[in-house]
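If you read the sequence from its start, that first residue is 1, and numbering goes on from there.
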Amino acid sequence: MFKQSIFRFFREHWQALFFACLVGWLTVAPSVSAPLKIGEAYKGVPFFYVDDEDYYLARMQEIVDGHWPVGSPFFYEYKNTQPLQPATGEYVFYVLPAKVFQISLQQFLVVSKFIYPALLFLLVYCLVLLMMREAESRSGKLTSITAGLLVTLGYQFVAFDTAVSFFQGKEIAMDSSVWTRPVNPITGGILLFLFLIFAWKLLTDSRRFLWIPAGLVLGLMHFYFFSWGVGLSIVAVLALFHLLKKDFGKIKKLMLVVLVSLLVSAPFWLSLAQSFSEGGGDGVAKRQGMMFTHSPLLNKVLLASLALFIIFSIIEIYKKRNFRELTESSLWSFCLSLLLAGLWALNQHIVSGRTIWPYHFVQYTKPLAIVVLVVSGSYLIQPLANRLWSAVLFVLIASSLANGVILASSYRFDLDKYRLWQKEADLYGWLNTQATKDCVVLNKENVEWRSLWIPAFTHCNVYLSSYIHSGIPSERATHNFFVWLRMNGVSNESVEGFLESHEDELRSAFYDDFFTLFSLKNGSWFTKVRHDKWFNETKKQVAGDYKDFLEKDFSEELRKYRLDYLVSQTPLSDDEKVLYKVRDDKGLIGQAYLYGF
């Protein structure tokens, strides 16, 4: 029976499967094409093109190394700290499949860029198809395919600034697909659309117990606040609509969904409560993005989509002359709930007074807006002008595919840099085979990508890293900053001038919350302030403390924390060897010089 159902799905939806494979190929293409393009220069370092790929790979490597909590993937001393961000997504979607298929994390990272965007396309396709009036018709399938392509390949163009620049003929800075970024937002997107499928079936299907899988999926979203927040907001708005309709049966189902989700995610909430009860949790939360503000945050895509949806609704009411029939339909309330839930997720802090860097909600509110507009457009335009609607769909499909091709070929602009990256492979190979597990490497020049790649590609840690937001005591952050100043040759006389010209670095080391990190005027989302009161006071304090640090023996200060190796772009001078007190010169390995302590 199951086998027959699979064959029937393949036969009836082969077009969707074709486009899913096409989406997967276009999203994985840069990761496959770049190594092929550089030929013999390739030594196994994967093509990183999206923000934080190395960060998430380091978190996965931490799990492989046996440090399951992922308290700190970068620093040796804080492995057992309780993290605010659980590594559920890394384990379930990456580490576990890599183990099952017996391939390396780096290899599965490439494979995932095909599998997960393709899966996301299919989930969007299935959701829209369920919402269609004539799901099995050619138009219904074409509409669903269009929505899937817009979400996965046309994501960048669902933004006013990008769209305006495009139509004005201006050059647009292209990046790889946002859905190729490991863990987040792709895993949250997969779970969110799977949840929406169950939520739709829960509200339109008489079958019992659909609240169980819906609750399981919502509960699994706990590891990424933004997908979970949007999902929970959707449940809340749907419950409000059915309360107005006095449909208490569906309210009961929605409450059961929330209950199951809380049971599934209970271990996370208990550990989170423990972190706050032990002290310091509030400060860690602020350093990870918790912001206290009541300022509204308006999103142009959501507001425009809501305006269009209201216009579509007014036209539909005018056609049917029946307001009640429209507002009581499951489709209308479901679509409106997706838009209102997005606005609520972005602005709930107006009531609660707190939020977590809300710009990341847009990763999910954009796809929801796409689904609503495509579905409502189909219901309004297709019955009146079928050929016009078909033409609109073909234009949207062609535009999405063209955008996908552009994204797939944009890797060419980074090939020179990618060739240089390959020279790092020898260093990482040496650390993996010759160094002891959990060794600590000091990156002399503090090159950011190397400080990320050592934990990502090896079982070693780093001494310096800008990723100090989770579980890292303030005294360690201060110590690291002073070490960085000392390695840059900053003296008593030059420290204040150096800090003045390195404001971003000072903010990254000592910020209290994202307002101070990104130089934002407190309570404002857009007003940048430089050299503000916080900066001036912090600069003065740091300069004074650094002068005390300079009076201490530098090599002894370095050894306050574990340190096994030093890596440098250039050979150490005799004076530097004395300063660091290195004992073992390993020589040039790849493109870096390695020294042991």
Side-chain angles (χ1 to χ4, degrees), residues 71-84 275 278-290 440-448 450-452 454-455 461-519 531-564 566 579-581 597:
S72 173
F74 305 103
F75 297 103
Y76 170 78
E77 288 79 12
Y78 314 107
K79 298 297 181 188
N80 296 320
T81 56
Q82 189 64 45
L84 293 186
S275 296
E278 291 175 353
D282 189 58
V284 173
K286 288 196 292 184
R287 288 174 72 84
Q288 291 203 61
M290 177 73 76
V440 177
V441 182
L442 173 62
N443 178 13
K444 178 176 174 286
E445 289 79 15
N446 199 28
V447 181
E448 182 62 25
R450 183 175 284 155
S451 295
L452 285 165
I454 288 174
N461 305 281
V462 289
Y463 195 92
L464 300 179
S465 172
S466 62
Y467 283 83
I468 56 173
H469 54 268
S470 177
I472 311 303
S474 59
E475 58 267 21
R476 178 63 189 269
T478 302
H479 171 85
N480 282 8
F481 191 72
F482 288 166
V483 168
W484 176 71
L485 291 178
R486 182 69 179 81
M487 291 194 304
N488 276 276
V490 178
S491 64
N492 267 330
E493 295 74 22
S494 63
V495 59
E496 291 201 26
F498 186 88
L499 295 177
E500 190 80 18
S501 60
H502 290 79
E503 180 174 345
D504 291 337
E505 287 83 354
L506 184 138
R507 288 184 180 276
S508 295
F510 297 99
Y511 72 97
D512 300 317
D513 54 29
F514 275 25
F515 286 117
T516 51
L517 175 62
F518 295 114
S519 312
H531 297 72
D532 58 340
K533 181 181 178 182
W534 178 91
F535 171 74
N536 290 323
E537 290 178 350
T538 305
K539 178 187 69 174
K540 184 177 180 181
Q541 179 68 43
V542 170
D545 292 343
Y546 179 64
K547 292 174 182 178
D548 296 334
F549 177 83
L550 284 176
E551 295 178 359
K552 302 174 183 178
D553 185 282
F554 184 54
S555 64
E556 288 184 10
E557 287 298 304
L558 280 178
R559 285 161 179 78
K560 286 177 66 175
Y561 302 99
R562 179 173 175 175
L563 179 57
D564 299 287
L566 181 146
L579 176 67
Y580 293 109
K581 292 186 180 178
F597 287 91

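Classification of the Phe481-Phe510 ring pair by plane angle, with boundaries at 30° and 60°, yields perpendicular. Using a 30° and 60° split on the angle between ring planes, Phe482 and Tyr546 fall in the tilted class, from 30° to 60°.
Residues Asn488 and His502 form no side-chain contact, since every pair of their non-hydrogen atoms from C-beta on lies 4.5 Å or further apart. A 4.5 Å side-chain heavy-atom check between Leu485 and Phe549 finds every atom pair outside the cut-off. Residues Ser465 and Phe75 have side chains in contact (heavy-atom distance under 4.5 Å, counting atoms from C-beta outward). A 4.5 Å side-chain heavy-atom check between Lys79 and Asn461 finds at least one atom pair inside the cut-off. Taking 4.5 Å as the limit, some side-chain heavy atom of Leu558 sits within range of a side-chain heavy atom of Val483.
Considering CG of Leu442 and CH2 of Trp484, their distance stands at 14.0 Å, rounded to 0.5 Å. Atom NZ of Lys533 sits about 11.0 Å away from atom OG1 of Thr538, to the nearest 0.5 Å. Annotation: the span from Ile454 atom CD1 to Leu452 atom CG amounts to 10.0 Å, rounded to 0.5 Å.
Of the possible polar contacts, one joining the Thr478 side chain to the Ser474 backbone as a donor-acceptor pair under 3.5 Å is found. Side chain of Thr516 to main chain of Asp513: a donor-acceptor pair is present (N/O by atom type, distance under 3.5 Å, no hydrogens or angles).
Evaluation of the salt bridge (charged side-chain N to carboxylate O under 4.0 Å, His left out) rule for Glu557 yields Lys560 as partners, not counting sequence neighbours. Contacts of Ser555 classified as side chain to side chain contact (heavy atoms under 4.5 Å, CB included), with partners at least two apart in sequence or in another chain: Asp553, Arg559, Lys581. Looking at residues two or more places apart in sequence or on another chain, you find a salt bridge (charged side-chain N to carboxylate O under 4.0 Å, His left out) between Arg476 and Glu77. Scored by the side chain to side chain contact (heavy atoms under 4.5 Å, CB included) test, Thr81 finds Tyr78 as partners (sequence neighbours excluded). With sequence neighbours left out, His479 forms a side-chain hydrogen bond (donor to acceptor under 3.5 Å, both in side chains) with Tyr463.
For Leu464 against Asn443, the heavy-atom pair with the smallest separation is CD1-O, 4.4 Å. Closest of all the heavy-atom pairs between Arg562 and Val440 is O-CG1, 3.3 Å. Residues Ala543 and Leu499 approach most closely at N-CD1, 4.1 Å, considering heavy atoms. Among all heavy-atom pairs drawn from Ile468 and Ala477, the shortest one is CD1-CB, 3.7 Å. Here the closest non-hydrogen pair linking Lys547 and Val495 is CE-CG1, 4.1 Å.
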Steps toward side-chain contact (heavy atoms from CB on, under 4.5 Å) verdict (Asp545, Val542):
CA-CA 5 Å; Asp545 292 343; Val542 170; 5.9 Å; no
Walk me through whether Phe554 and Met487 qualify under side-chain contact (heavy atoms from CB on, under 4.5 Å).
CA-CA 10 Å; Phe554 184 54; Met487 291 194 304; 4.2 Å; yes
Would Phe498 and Glu505 count as a side-chain contact (heavy atoms from CB on, under 4.5 Å) here? Give the steps.
CA-CA 10 Å; Phe498 186 88; Glu505 287 83 354; over 6 Å; no
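For CG of Asp548, the number of neighbouring non-hydrogen atoms (other residues, nucleotides, ligands) closer than 6.0 Å is greater than 12.
For residues 485-494, there are no salt bridge (charged side-chain N to carboxylate O under 4.0 Å, His left out) pairs, not counting sequence neighbours.
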